[in-house]
Each structure stands twice: as structure tokens, then as C-alpha cells.
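Structure record follows, encoded as C-alpha cells.
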Amino acid sequence: MSGYGGDHLDFRGGEFKGSFTAKAEYREHAPAPTALDALPPQVTGFTGRGDELGELLGAFDPAGCEAPGAVLVAAVSGLGGIGKTALAVEAAHEACGEGWFPGGVLFVNLHGYDDDRVTAEQALETLLRALGTPPEHIPNGVDARAALYRSVLAARERELGAVLVLADNASSAEQVRPLHPGGVRHRLLATSRSKLPQLGARLLPLGELSPEEAYDLLDRALRIAARDDARVANEREAAAELASLCGHLPLALQIAAALLVLDRDKPVAELAAELAESGDRLLHLDDGERSVRAAFDLSYRRLPAEQARLLRLLALAPGPEVTADVVAVLDGADTPPVRVLDALCRAHLVERGSGRGRWRLHDLVRVFGVGVVKGDAELWEEGEAARERVLEFYFRWAGAADDRLRWLSGMPVPERFVDRAGALAWFDGERAGLVAAVQWAREERYAATAVLLSQCLGEYLDWRRSFDDWVTVCGVAREAAHRAGDWVGEAIAWDSLGIALRETGRVEEAIDAHTRARDLYQTAGDRHREANAWGNLGIALREGGRVEEAIDAHIRARDLCQVVGDCPREARAWDGLGFALWEAGRVEEAVDAHIRARDLCQVVGDRLREARAWNNLGTTLRDTGRVEEEVEAYEKALEGHREFEDWYGTGQTLYNLALAHEDAARPAEARARYLQSADAYIRADALTEAAEARTRAEEITP
């Protein structure tokens with residue numbers, strides 16, 4: 001007897017002696033249940049992601065399923081809490097609404113970042129059961145299960161049509177690859193915190209929401225809870241600030257909205273203030289069930305040690321993004337750890353910055369990383385040592401770049417930068433980090449070096465007309481130097497602060513700053529810098545309408561420079577004196593002063609300040625009626641400004657040259673110069689001045 005065969009006993013081949021009775025129990029099995037409508041509900045209040053949604057629907061569209069290069073697998077990736085699942089589910093519902101998947105939708109959560117993640121073999125068992133396969137018919141082993149899974153899906157396609165498989169929260173391609181449904185009509189959509197480039201899928205990385213999308217999410221969430229809750233609409237600025245503090249991260253925004261829903265009397269501005277003033281924003285971004293810190297911690301705990309270490313160090317970096325060189329310094333390595341950075345980038349814990357070789361962290365990931373460091377004394381000391389390395393690196397290189405910007409013919413040639421353009425390019429690339437690093441001066445451990453770093457930035461920030469940054473840098477340095485009793489350092493900061501304040505229109509504050517600098521230099525006995533402070537004070541006094549005082553200040557500056565033999569500063573003093581004399585109506589004396597400034601600049605080889613002296617001489621000559629000499633002076637000035645690519649100075653001189661041509665009744669030349677001035681100002685990012693020059697050009701009748 002061979003035993004059971006299907007639902008009957010098989011007596012073939014049996015030998016029986018005498019009579020016998022066979023008993024059999026018959027059971028009728030119902031078809032195994034299916035779970036082909038298992039798609040989670042759409043997220044209430046889902047908003048934004050229009051482009052990404054369109055991309056996924058384009059991949060799902062059956063119209064292109066048999067075209068060459070058709071997308072059979074799509075992978076949505078992004079930082080924890082970025083809204084991957086919400087987008088995938090939304091896209092799946094819309095695709096089903098279009099009737100593209102009549103065979104149904106399979107959903108499996110792979111729990112890729114949990115301690116007990118779902119293996120591909122376990123996931124296949126779940127999917128086969130959902131397809132109605134009896135448990136006893138499911139084989140063991142990934143390959144056998146994957147083969148049966150594809151066979152069942154092929155049969156379902158013939159009977160009912162295409163199926164969409166949504167594999168949520170994968171941590172590796174290994175988890176997802178066996179779930180490929182086969183055929184050309186089925187689709188597989190995976191979500192992961194990693195990019196999964198090994199799948200051969202259409203990769204769709206998600207970033208944070210736009211400010212408008214974040215606003216809509218907050219507003220919708222409150223109105224869903226209570227239709228008349230218009231707090232977000234009534235506090236638009238506060239809502240924008242709250243969204244920014246949430247890093248425009250959907251999870252953080254949803255938690256913030258939930259906190260507002262729980263307390264109907266809390267203004268949006270109050271919650272935003274709580275987050276802004278908190279030493280740990282992530283402490284507040286927790287509504288009891290959801291936590292941004294917990295979401296990030298799932299990713300962090302899965303990182304290999306070298307990746308976790310670099311992530312922590314990057315969280316301590318100054319500025320919103322860092323260059324590869326700074327990453328290497330943080331890491332304590334000779335070369336950037338590109339392999340580790342790429343791995344963190346694939347995991348969406350690090351993002352590429354504004355250019356190649358630049359890296360950034362999402363704002364809340366930075367907060368998370370700092371929190372990890374602060375929670376462990378050993379990690380804290382490791383981080384402090386890394387910050388010291390970065391500050392020393394910035395000081396060395398900023399000092400070298402500043403030397404190049406201040407270099408004059410005849411001085412020793414700086415070694416690190418071969419030309420002015422290279423120094424400016426380095427400063428441009430590191431500016432945000434440099435400004436942020438100076439603010440470490442608030443901490444005693446870094447104060448001395450940060451103050452010295454601030455002194456290397458003035459020439460550059462003045463050149464780029466980044467006066468707000470300059471005010472910030474000088475203010476922090478001044479306070480730190482004062483705490484340390486560093487009179488000269490404090491005076492340098494006051495003097496630089498005065499220039500920045502004057503350029504931003506805060507003239508009275510500038511006068512006070514230069515006065516303080518002058519007095520501190522006198523106390524310290526630094527006569528060279530005291531002369532500089534007198535000259536800067538003179539400029540501020542002139543702009544403040546105190547012309548006679550300005551003349552006296554410039555004379556004091558000039559005389560001090562002559563006593564100590566400081567020719568470069570003496571040239572500047574003569575130039576400032578010329579302007580003050582001109583405003584006092586002493587035109588011929590002013591002309592003589594600018595000529596002396598020009599000649600001294602030529603002696604010391606200061607081509608840029610020579611150009612400025614030529615321009616100022618031209619302005620003064622205008623009042624003498626010597627138009628052709630005036631034009632000649634401006635043309636000489638243009639040579640120098642263009643040589644240094646000083647576009648703001650070029651714009652000023654061209655504008656003055658246009659005025660001269662107007663005085664000489666040459667309207668065509670004047671109009672051309674005004675338009676050229678506008679172009680130069682645009683290159684200098686001086687849009688107000690550019691608009692004024694263009695208006696003057698349009699007012700000239702051809």
C-alpha cells in the first residue's frame with residue numbers, strides 16, 4: 001500500500017488475505033485566504049511631493065511596461081522620517097485608482113532597521129501566504145520560495161492582471177532582490193533609508209519638504225483635528241520658523257502639529273520659541289508615540305564603527321556644509337575618507353553639499369549627532385580634539401590667503417597661494433565655515449585661536465562686501481578678546497567692526513567703534529594701528545557730516561604714519577584727507593592730497609589702492625572743471641580695478657566716468673558707461689547700485 005494520494009487511499013500493489021475494512025476521514029479544505037488588498041490607508045493630510053509622485057506614477061504606468069528600458073522596480077530612499085512610506089502608499093493608491101493593478105497589491109514591512117529584521121525568506125513566505133498559497137505548500141529556502149512566488153504571480157497575471165508589490169523599510173538590496181515579481185507587467189516598489197543602487201531600480205531619493213509644503217502640512221494637520229483651527233494661517237511667520245526648526249522633515253512637522261493639536265491654546269510662536277531656545281530640539285520633537293531621535297537612532301545603531309565616528313565628527317563641523325579637506329581634518333586623516341562618506345551618503349545620513357567635494361548634514365541629524373557626543377565623556381573629548389584641529393587648519397590657511405590678498409610688490413611672496421584669485425577662491429569655498437568657527441571664540445578653549453582667525457578675514461569680507469558676516473565676526477572676537485584682557489586684539493576687532501558698521505549705514509556706531517579702537521591702541525602703545533584707527537575714524541566722521549573733525553582725524557593719521565614710517569597707511573590717510581577737504585570746499589587742497597596718495601601707492605606698489613586714488617582724484621577734479629583730466633583719471637582707475645577684478649570699484653568708476661561724459665555733452669558715451677557700470681555692479685552683487693546706473697542710462701536722450 002502506498003498510502004495517501006491526494007484525498008483518497010491508494011490500495012494499488014497491496015496484498016490482502018481475507019476480508020478487511022478500510023476507514024478513511026474526508027476533509028474538505030476551503031481555498032487559502034488571500035491578502036491582495038493589504039495596502040495601508042493613505043496618510044491623512046498628505047501634501048506636497050508632486051514631482052516625486054509624478055515620477056513614481058510614470059514608472060507604474062502600464063503603457064510603458066513593454067518598452068525598452070521599462071521600469072519594473074522603483075526604490076524610494078531617504079532619511080528616517082522623510083516620508084518615504086507615505087509617498088509610496090500615496091502613489092500605490094493613485095495607481096490602483098487608475099486601474100493599473102487589477103491583480104491586487106501586496107504589502108510587506110521588512111523592518112530593515114529593527115533588531116529582528118525580516119529576511120528575504122520570511123518576506124517570501126508572507127507574500128506567498130498573501131497570494132493564497134497554503135502553508136504546507138510553501139517550500140524552504142529563498143530560491144525555492146522565490147521561484148514559487150514568481151510562478152503564482154504569473155498565474156495571477158494571466159487570470160486577473162498585474163500586481164504591485166510594496167516592500168517597505170528595507171535595509172539592503174539582499175532583502176529586496178528575491179521579491180522581484182518577474183514578468184513585465186508586475187511592479188515592485190521598495191522604500192529604504194539607503195539608496196539600494198544594486199537593485200537596477202529607478203532610484204528616487206527624497207529630500208526635506210519645501211517651505212511651502214511644510215506650511216501646508218502643518219496647516220492641514222491642525223485643520224483635520226479641528227476644522228476652525230487657523231493658528232498656522234494666522235501666524236505665518238511663526239509657522240515658517242517652526243517648519244525651519246523642524247528641518248522641513250515630515251516626521252518632525254507631524255510631531256510638532258500633534259503637540260499643537262494637544263494644546264489648542266498654545267500659539268505657534270510659543271512652540272517655535274521652545275524649540276529655538278532648547279539645547280536639544282529633539283527632546284521636544286517627541287509626542288509620546290513618535291520620536292525623531294528614535295527614528296535617527298535606528299539608522300545610527302546599524303552603522304559600522306568608522307561610519308558612526310565620522311557622522312559624530314561631522315555633526316561638530318562649523319557651518320552648514322564642509323569641504324572634503326575639512327572632513328579630512330575632522331577625521332584626523334591625511335586624505336578625505338571618501339569611502340566612508342559615500343557609505344553615509346547612501347544611507348542618507350550625509351548629503352552632498354552645494355558642489356562636488358562638499359558635504360552637509362540635515363539640521364536635525366546634526367542635532368542628533370551632537371547629542372550622541374554630549375552623552376559620552378570619551379566621545380566628547382574626541383570631538384573637542386577634532387574641533388581644535390579644524391580651527392588650527394582654518395587659521396593657517398586663512399592667514400596664508402589673507403597674506404596673498406594684502407601682498408604688495410617687493411614683499412616676500414606667499415607660499416600657499418600662487419595668486420590672488422586662488423586665495424579668494426579658497427575663502428569663497430570656506431566662508432560659512434570660517435564665520436562659524438570664529439564664533440567658537442565664545443568657548444574659552446578656542447577663544448585665542450578664534451580671535452586670531454577673525455583678524456585674517458577682514459580684508460576678504462570687505463572685498464566681497466559681506467558686511468553682515470563681518471559684523472558677526474568682529475562682535476564675537478571683540479567680546480572674547482575683552483574677556484581675555486587682550487587690548488590689541490580687542491582694538492583690532494573694534495576697528496574692523498567700525499568699517500563693517502559704516503558700510504551698513506550705521507555711522508554713529510562706527511564712529512564709536514573707531515574711537516574705542518583708537519583709545520585701546522593708545523593704551524597698548526601700538527602707533528601703527530593707532531594711525532589706522534584715526535584714518536578709519538576720519539572716514540566715519542566725514543560720512544556722519546562732521547567734516548572738520550574728519551579733517552583733523554586724517555591729519556592725525558597722516559602725521560603718525562610719517563613718524564613711524566608707514567607709507568602704505570600714509571597713502572590711505574592722504575586719500576581720506578582729500579575726500580574730507582573736498583567736502584569742506586577746499587578743492588585744490590583735495591586734489592593735491594589725492595595726488596600724494598596716488599604717488600605713495602605707486603611707490604609701495606599698491607596697485608589696487610592706486611586705482612582708488614585715481615578714482616577719487618577724478619571725483620575731486622570734477623569741481624575744477626578740468627573734465628579731460630577727470631576722464632583720464634577715471635580711465636587710469638579702471639585699469640587697476642579691472643586688473644584685480646574689483647567689480648564694485650569698476651562699477652563706481654564707470655558711473656563717475658559717465659557723469660564726466662554728461663558734463664562734456666557726450667550723451668552716447670555717458671549712456672554706454674552707465675550700462676557698463678550696471679553690468680559691473682551686477683557682477684559685484686550690488687543690485688541697488690546697478691539699478692540706479694541703468695535708470696540713469698535710460699534717462700539720457702540719444
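Residue numbers start at 1 and run along the sequence shown. Please read these numbers as outputs of a predicted model, since none were measured by experiment.
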Legend entry - Test side chain to side chain contact (heavy atoms under 4.5 Å, CB included) applied to L148 and V152, step by step: CA-CA 6 Å; L148 178 60; V152 173; 4.0 Å; yes
Inset, instruction - Begin from the C-alpha positions of D363 and E208 and carry the test side chain to side chain contact (heavy atoms under 4.5 Å, CB included) through to its verdict. - result: CA-CA 10 Å; D363 192 29; E208 58 261 31; over 6 Å; no
Inset, instruction - May I have the step-by-step check of salt bridge (Lys or Arg N to Asp or Glu O under 4.0 Å) for R387 and E384, ending in yes or no? - result: CA-CA 5 Å; R387 292 173 71 200; E384 294 294 89; 3.0 Å; yes
Inset, instruction - Starting from the C-alpha separation in whole Å, work towards a yes-or-no answer on side chain to side chain contact (heavy atoms under 4.5 Å, CB included) for R358 and V322. - result: CA-CA 6 Å; R358 304 183 70 86; V322 291; over 6 Å; no
Inset, instruction - List the steps, then state whether side chain to side chain contact (heavy atoms under 4.5 Å, CB included) holds for L253 with L242. - result: CA-CA 8 Å; L253 291 162; L242 177 61; 5.8 Å; no
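Under the 4.5 Å side-chain criterion, counting only non-hydrogen atoms from C-beta, I82 is not in contact with L87. You'll find the side chain of P178 stays beyond 4.5 Å of the side chain of Y149, heavy atoms only. D468 has its side chain out of reach of T472: every pair of non-hydrogen atoms, C-beta onward, lies at least 4.5 Å apart. Using a 4.5 Å cut-off on side-chain heavy atoms (C-beta onward), L341 and V327 make contact. A heavy-atom distance below 4.5 Å is not found between the side chains of V73 and R202. Here the side chains of L275 and L285 are in contact, with some heavy-atom distance below 4.5 Å. At a threshold of 4.5 Å between non-hydrogen side-chain atoms, the residues R442 and Q439 count as touching. In this structure, the side chains of L128 and R145 come closer than 4.5 Å at one or more pairs of heavy atoms.
For residues 75-104, there are no salt bridge (charged side-chain N to carboxylate O under 4.0 Å, His left out) pairs, not counting sequence neighbours. Residue pairs meeting the side-chain hydrogen bond (donor to acceptor under 3.5 Å, both in side chains) criterion with at least one member in residues 239-256: none, sequence neighbours excluded. Sorted by first and then second residue, the salt bridge (charged side-chain N to carboxylate O under 4.0 Å, His left out) pairs with a member in residues 333-343 read E306-R339, D342-R352; sequence neighbours excluded. Residue pairs satisfying the side-chain hydrogen bond (donor to acceptor under 3.5 Å, both in side chains) criterion with at least one member in residues 44-54, sequence neighbours excluded, are absent. The side-chain hydrogen bond (donor to acceptor under 3.5 Å, both in side chains) pairs that include a residue from residues 290-299 are R193-S299, D280-R293, D287-R290, D297-R301, where partners are two or more places apart or lie in different chains.
A donor-acceptor distance shorter than 3.5 angstrom exists from the side chain of H186 to the backbone of V163, with no hydrogens or angles considered. At distances below 3.5 Å, at least one donor-acceptor pair connects side-chain atoms of T119 with backbone N or O atoms of Q122. Listed for the H362 side chain is no donor-acceptor partner under 3.5 Å among the backbone atoms of L79. In this structure a side-chain-to-backbone donor-acceptor pair under 3.5 Å is missing from D114 to R117.
The salt bridge (charged side-chain N to carboxylate O under 4.0 Å, His left out) search around R465 returns E503, not counting sequence neighbours. Applying the side-chain contact (heavy atoms from CB on, under 4.5 Å) criterion to A269, with sequence neighbours excluded, gives E235, A238. Taking the salt bridge (charged side-chain N to carboxylate O under 4.0 Å, His left out) definition, one finds that E382 meets it with R309, R312, sequence neighbours left out. Remark: A239 engages Y215, V232, V268 in a side-chain contact (heavy atoms from CB on, under 4.5 Å) (not counting sequence neighbours). Remark: S77 pairs with K195, P205, H348 by the side-chain contact (heavy atoms from CB on, under 4.5 Å) rule, at least two apart or across chains. Applying the side-chain contact (heavy atoms from CB on, under 4.5 Å) rule to R150 yields the partners A146, A147; only residues at least two apart in sequence or on another chain are considered. For R360, the salt bridge (charged side-chain N to carboxylate O under 4.0 Å, His left out) test picks out E351, with sequence neighbours left out.
Rounded to the nearest 0.5 Å, atoms CG (D168) and OG1 (T191) are 3.5 Å apart. Between the CD atom in E121 and the CD1 atom in I138 there is a gap of 10.5 Å [rounded to 0.5 Å]. Here the CG-CG distance, from L204 to L206, works out to 5.5 Å after rounding to the nearest 0.5 Å. Here the CG atom belonging to L127 is positioned 10.0 Å from the OG1 atom belonging to T133, to the nearest 0.5 angstrom. Atom CG of L56 sits about 12.5 Å away from atom CG of D61, to the nearest 0.5 Å. One finds the CG atom of L179 at 12.0 Å from the CG atom of L189 (value rounded to the nearest 0.5 Å).
Between the side chains of Q175 and S171, at least one donor N or O sits under 3.5 Å from an acceptor N or O. Side-chain contact check for T323 and E430: at least one donor-acceptor pair (N or O, by modelled atom type) lies under 3.5 Å.
Relative orientation of the Y446 and W440 rings is tilted, given thresholds of 30° and 60° on the angle between their planes.
Remark: R187 fails to qualify as a cation-pi partner of F101 under the 6.0 Å distance and 45° angle criteria applied to the six-membered ring.
Between L245 and A272, the closest heavy-atom pair is CD1-O, 3.2 Å. Scanning both residues, L271 and A256, for their nearest heavy atoms gives CD2-O, 3.6 Å. Nearest heavy-atom pair, L57 versus A91, reported as atom, atom and distance to 0.1 Å: CD2-O, 3.6 Å. Between A162 and R185 the shortest heavy-atom distance is CB-O, 3.4 Å. Nearest heavy atom pair, residue A170 against residue L110, reads CB-CD1, 3.6 Å. Annotation for Y113 and L298: closest pair O-CD2, 3.4 Å, computed over non-hydrogen atoms.
Within 6.0 Å of atom CG in D263, more than 12 heavy atoms from other residues, nucleotides or ligands are found, so the atom counts as buried in its surroundings. Within a 6.0 Å sphere centred on CD of E270, heavy atoms belonging to other residues, nucleotides or ligands number more than 12. Counting heavy atoms of neighbouring residues, nucleotides and ligands inside a 6.0 Å radius, atom NZ of K266 exceeds 12 of them. Around CG of N234, the count of heavy atoms belonging to other residues, nucleotides or ligands within 6.0 Å exceeds 12.
Under 4.0 Å is where a charged nitrogen must lie from a carboxylate oxygen, and between R464 and D428 at least one such pair does.
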